[in-house]
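We name chains A, B, ... by the order of the sequence lines, and we start the count at 1 in each one. Because the structure is a prediction, the values reported are computed rather than measured.
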Number of protein chains: 4
Amino acid sequence: MAYQRSALMQERLAENRERILRSARALIARGGFREASITAVAADAGLSTGAIYRYFPSKAELFVEVLTEAVRRECDILREIIGRPGTADQRLRAAVDSFARRALEGPYLAYAFIAEPTDPEVEAARILCRQEFSDVFKTVLRQGISTGEFPRQSVDVSAACIVGAFTEALVRPVAPTTPRSKDEKLIEAIVDFCARAVSGPARQA
Amino acid sequence: MAYQRSALMQERLAENRERILRSARALIARGGFREASITAVAADAGLSTGAIYRYFPSKAELFVEVLTEAVRRECDILREIIGRPGTADQRLRAAVDSFARRALEGPYLAYAFIAEPTDPEVEAARILCRQEFSDVFKTVLRQGISTGEFPRQSVDVSAACIVGAFTEALVRPVAPTTPRSKDEKLIEAIVDFCARAVSGPARQA
Amino acid sequence: MAYQRSALMQERLAENRERILRSARALIARGGFREASITAVAADAGLSTGAIYRYFPSKAELFVEVLTEAVRRECDILREIIGRPGTADQRLRAAVDSFARRALEGPYLAYAFIAEPTDPEVEAARILCRQEFSDVFKTVLRQGISTGEFPRQSVDVSAACIVGAFTEALVRPVAPTTPRSKDEKLIEAIVDFCARAVSGPARQA
Amino acid sequence: MAYQRSALMQERLAENRERILRSARALIARGGFREASITAVAADAGLSTGAIYRYFPSKAELFVEVLTEAVRRECDILREIIGRPGTADQRLRAAVDSFARRALEGPYLAYAFIAEPTDPEVEAARILCRQEFSDVFKTVLRQGISTGEFPRQSVDVSAACIVGAFTEALVRPVAPTTPRSKDEKLIEAIVDFCARAVSGPARQA
DNA sequence: CATGAATGAGAATTCATTCAT
DNA sequence: TATGAATGAATTCTCATTCAT
């Protein structure tokens, strides 16, 4: 019986933890880190502020987890796409397309990605996240270069540029009123940009 | 004598104003908008907090000026470069090169560009700044496309991607410890990336 | 047990709220709105400044409540007195007497009534309070006039004058050192003044 | 020549002093003591803030002078009226009428009279001013009582009540939109109120 | 003498975090 | 374990007063 209670409890705890993360994510998405006060997160999650501190040692660590979790999911998907068969170009396009598509549906993962956090600790995490993103693209870039499909280039820089390019392109111009029909054009344009950027002719000598 | 006093005073005032702007810029650069409290700016500028309000009506307006001033300077230079003779590719490369070079010297214009301000008023200004940057690149893109030098592409998206690409590439990996020698390679890689992105082959049908 | 805790807590909360109101009232009474800073109110109530904001959304709203609560109490009593049987003159006298008596015991309700608040929001509330006071007296004035007990007169003006007359008479001369024995004479004089003012002979033609 | 300069100077000084007082009075009248900051007074007077302190040792003393000067003028007029020949009733009526009329034209002397100053020093002066007003009315009251025209009453209290009555009646209901035509009725009602109050039948035994 | 830039104490308000219940 | 009231440091902004020019 003690076991049963423990099991139920553990489930509840996990549930609460998940709810807090979801609420934090939603609030950050809606209004940036600025709107995601502990009070707001607690209210949204249906818990007390004190309870938050039972699951997370500080606001900063909560936000770090929100960020890393979101990025981990994203990167898992991207890695899977990049691991498929096909040319490097095809796979890069598919990855950018997939990311852009999801970003447009919940446009603010990208936002949380760009938004400056209030806390240096979170800021550090954000940089790591961007690097993780970068790494995913580096993989396919290296493959493309080694097969001769892509010209020689700095994979570090190209990967960073790809991440920057599509976050920039996605976050700002996508006003809430942008009609759905234009999304396809936008995605296509971003995908093309990135594809050209890595597979275009090498530098003219 | 009254004239001299007035002249000296005016100089002092202009100097103070400039010092405040410089301090704000430096603090924003170092630690984002978060670190640039009025108290910190005042201390850094060697003035009292009250003095700040003699020069700027509010914190928000100070930051807006920091932002717009920095961007105006940058855009002026870029516009000049893009107005020079030469192929669109040459001019785009020159522009990106010039921006990247200055960004590496005072690496944090780009940061202020990315950092999320605490204040919606400043946020609005930042978006306008990004658009102004975008607009500069749109000009050369349109020219390149109309002469057939660049393939057909969405100038809006390409311009946004270019801005995103080099801010991303510049801001993060450039740790303070990065050796100077690597800078040239970095700049070259970014320039190449952007050049390929706009002049690479059109989408394969 | 949860119930008990909740009940105790609720009691505490109500107690704190009351303490804040009491402190604000006392400070306003002693030194006007000027002395009633949030810091002072908090200190007097034995709470932190932040705690005040858990009970009242702003300084203005706290002061508005102080004012309206005090006036409501006063008006309730006055209305009750005016609703009793008797001549209009008797009831007016009783009302003025009752108000004056309480004002002398806690002499500063009247003061809060005169003091100019720093905040337009509070100022608005004060005007409403004065009107509510006025309205109470208008009732008995109208009754007296309709029964022929009082001469024809502007009830609006007479009511305002009554309020002004006794606040003025009460607030100022009542230095903290005024001996108790003189209070009775003072009250009687004020009551007489007001009674004569409304029931004296009509204007001589 | 030194004399001439000195004379011119002295004139200028007196002129400036007067201008400062006028500006302060106007600002207090318009928006209460709250709006009458030193900066505002200086701007309105066409002088620097520093200059204010050459004429008045502090904001408080400036305001005290504004108050006492205004009250002195008013009291001079009232005393003149009360010194005229006629019954006490006639002279009291004339005095109240005269004051009310001027108050309605520049409605805010009365306001400055009620408004709570930010400064205890000014507050003290205001109390004295009210007493001076009171004293004027006491004169005529004593005369009326000694001739048997007015019933026995506390002249202290009656005088205070008169001052309170008409300031209250004048300040508040006089919204800026009140039509001029109603002013006559208002003045008449106030005059009647005060006249009845002092000349009505003595307390019923 | 006049100027007005500078000061700096103090005001209201916010919010992450703690801790008694 | 959960609650949410309380804390208190930090932030932006104001304004009477001073003093170098």
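Contact check on D:E123 versus C:R34 returns no salt bridge, with no Lys/Arg side-chain nitrogen under 4.0 Å from an Asp/Glu carboxylate oxygen. Using a 4.0 Å cut-off between charged nitrogen and carboxylate oxygen, B:R12 and B:E15 do not count as a salt-bridge pair.
Take C:Y53 and apply the side chain to side chain donor-acceptor pair (under 3.5 Å) test, not counting sequence neighbours, and it matches no residue. Every side chain to side chain contact (heavy atoms under 4.5 Å, CB included) that B:A51 has, sequence neighbours left out, goes to B:L47, B:S48. Looking at residues two or more places apart in sequence or on another chain, you find a side chain to side chain contact (heavy atoms under 4.5 Å, CB included) between C:F56 and C:R17, C:I20, C:L21, C:L62, C:E65.
Summarising the geometry, the separation between CZ on C:R54 and P on E:dT18 is reported as 16 Å, rounded to the nearest angstrom. The CZ-C1' distance, from D:R17 to E:dC1, rounds to 16 Å in whole Å. Per the geometry, CD belonging to C:Q10 stands 11 Å off P belonging to F:dG4, to the nearest Å. Counting to the nearest Å, the P atom of F:dA10 and the CZ atom of B:F33 are 23 Å from each other. With rounding to whole Å, D:Y55 atom OH is found 18 Å from F:dT18 atom P. Atom pair C:Y53:OH and E:dA11:P shows a separation of 12 Å (rounding to whole Å applied). A straight line from CG of D:D119 to C1' of F:dC15 spans 13 Å, rounded to a whole angstrom. For A:K59 and E:dT17, the NZ to P distance is 8 Å, given to the nearest whole Å.
The stretch residues 39-51 of chain A touches DNA chain E through A:T49, each having a heavy atom within less than 4.0 Å of the strand.
In this structure a side-chain-to-backbone donor-acceptor pair under 3.5 Å is present from B:R19 to B:A45.
Within 4.0 Å (heavy atoms only), A:L62 reaches no atom of the nucleic acid at all. If you check every strand for non-hydrogen atoms under 4.0 Å, B:I38 touches sugar and phosphate atoms only.
Nearest-nucleotide assignment on DNA chain F puts the 5′-proximal partner with A:R12, out of C:R12 and A:R12. Of the two residues near DNA chain E, A:P57 and C:A60, the one whose nearest nucleotide lies more 5' is C:A60. Between B:I52 and C:S37, the residue anchored nearer the 5' end of DNA chain E, judged by the nucleotide with its closest heavy atom, is B:I52.
Residue D:V66 comes nearest to D:A24 through the heavy atom pair CG2-CB, 3.6 Å, listed as atom of the first residue, atom of the second, then distance. Pairing each heavy atom of A:D119 with each of A:A60, the nearest pair is OD2-CB, 3.5 Å.
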Between side-chain atoms of residues 37-44 of chain D and protein atoms elsewhere (two or more places apart, or another chain), which donor-acceptor pairs fall under 3.5 Å?
unit_1 : atom_1 : unit_2 : atom_2 : d
D:S37  : OG     : D:A40  : N      : 3.2
D:D44  : OD1    : D:S23  : OG     : 2.7

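Base pairing in DNA chain F gives the following stems of 3 or more Watson-Crick or G-U pairs, range against range and under 3.5 Å: E:2-21 with F:2-21.
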